[in-house]
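Structure, as structure tokens:
In what follows, residues are counted from 1 in the order of the sequence shown.
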Amino acid sequence: MQDRHLFAILVTASLICVGPAQAQVAAPPGDAVNGKRIYNAVGCYLCHGTVGQGGRPSGPHIAPNPLPYETFAQLVRRPVNAMPPYTTVVLSNRDLGDIYAYLVTIPPVIDPKGAAILDH
């Protein structure tokens with residue numbers, strides 16, 4: 001009996017996790033220059049670093065290669081950790097799109113082992 005109960009719980013949990021696939025919402029066109037300004041003005045850099053690199057214990061890295069826009073926007077609006085929520089009263093959808101455009105433009109960190117200066 002316990003095995004059947006456990007099996008039912010596992011099946012239900014797997015169906016919840018799998019669920020129907022939903023398409024990600026594309027990022028709105030944004031102004032990366034304005035996004036960098038807003039990123040600094042609202043204090044994102046305080047926890048996530050000046051180029052989204054993050055750091056312990058402040059905040060996770062958010063660049064380069066940020067999360068898909070829809071996930072990013074949800075986490076900014078309704079964070080799951082100590083980050084304050086940035087509602088549309090604080091940060092408009094346009095400003096959020098601009099911040100995302102800035103994060104997308106941040107290049108990956110160069111591997112120091114690949115630096116030409118180290119070949120000498």
Side-chain angles (χ1 to χ4, degrees):
M1 182 68 171
Q2 287 180 351
D3 290 336
R4 288 175 47 184
H5 183 64
L6 180 60
F7 178 74
I9 291 172
L10 291 174
V11 168
T12 303
S14 66
L15 290 175
I16 290 170
C17 291
V18 173
Q22 296 180 359
Q24 287 285 324
V25 173
D31 179 348
V33 172
N34 189 49
K36 181 177 182 178
R37 183 190 64 74
I38 295 167
Y39 181 89
N40 289 310
V42 299
C44 301
Y45 74 93
L46 292 170
C47 297
H48 299 287
T50 56
V51 289
Q53 77 275 16
R56 290 196 170 158
S58 59
H61 74 86
I62 54 175
N65 304 318
L67 296 167
Y69 178 75
E70 182 178 26
T71 305
F72 171 78
Q74 287 174 354
L75 288 172
V76 169
R77 300 292 189 212
R78 291 179 303 282
V80 295
N81 52 24
M83 181 175 141
Y86 285 81
T87 65
T88 54
V89 173
V90 178
L91 191 65
S92 72
N93 288 332
R94 179 181 215 149
D95 290 346
L96 185 61
D98 288 352
I99 289 173
Y100 190 80
Y102 164 61
L103 295 175
V104 169
T105 65
I106 295 172
V109 177
I110 298 172
D111 180 5
K113 294 176 184 172
I117 196 167
L118 296 177
D119 290 339
H120 299 288

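The minimum heavy-atom distance between Y69 and A26, with the atom names listed, is CD2-O, 4.1 Å. Between F72 and I99 the shortest heavy-atom distance is CZ-CG2, 4.1 Å. Between P85 and P79, the shortest heavy-atom contact is CA-CD, 3.6 Å. The minimum heavy-atom distance between P108 and P64, with the atom names listed, is CA-CG, 3.5 Å.
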Donor-acceptor pairs under 3.5 angstrom involving side-chain atoms of residues 36-43: please list them, not counting sequence neighbours.
unit_1 : atom_1 : unit_2 : atom_2 : d
R37    : NE     : N34    : OD1    : 3.0
R37    : NH2    : N34    : OD1    : 2.9
Y39    : OH     : G49    : O      : 2.6
Y39    : OH     : G52    : N      : 3.4
N40    : ND2    : K36    : O      : 3.0

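Put simply, the side chain of V76 reaches to within 4.5 Å of the side chain of L96, judged on heavy atoms.
Each side chain to side chain donor-acceptor pair (under 3.5 Å) pair with one or both residues in residues 74-85, not counting sequence neighbours, appears once here: R77-N93. The side chain to side chain donor-acceptor pair (under 3.5 Å) pairs that include a residue from residues 99-110 number zero, where partners must be two or more places apart or lie in different chains. Among residue pairs with one or both ends in residues 46-61, none qualify as side chain to side chain donor-acceptor pair (under 3.5 Å); sequence neighbours excluded.
The ring-ring contact (aromatic ring centres under 6.0 Å, His included) search around Y86 returns none, not counting sequence neighbours. Scanning for side-chain hydrogen bond (donor to acceptor under 3.5 Å, both in side chains) contacts around S92 gives D95, with sequence neighbours left out.
Between the CG atom of L75 and the CD atom of E70 there is a distance of 10.5 Å, given to the nearest 0.5 Å.
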Query raised in the report: Could you go step by step and tell me if V51 and Y45 meet the side chain to side chain contact (heavy atoms under 4.5 Å, CB included) rule?
Result: CA-CA 7 Å; V51 289; Y45 74 93; over 6 Å; no
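If you chain together hydrophobic residues whose side chains sit under 4.5 Å apart, I106 and V33 never meet in one group. Under the 4.5 Å side-chain contact rule for hydrophobic residues, L103 and V109 do not share a cluster.
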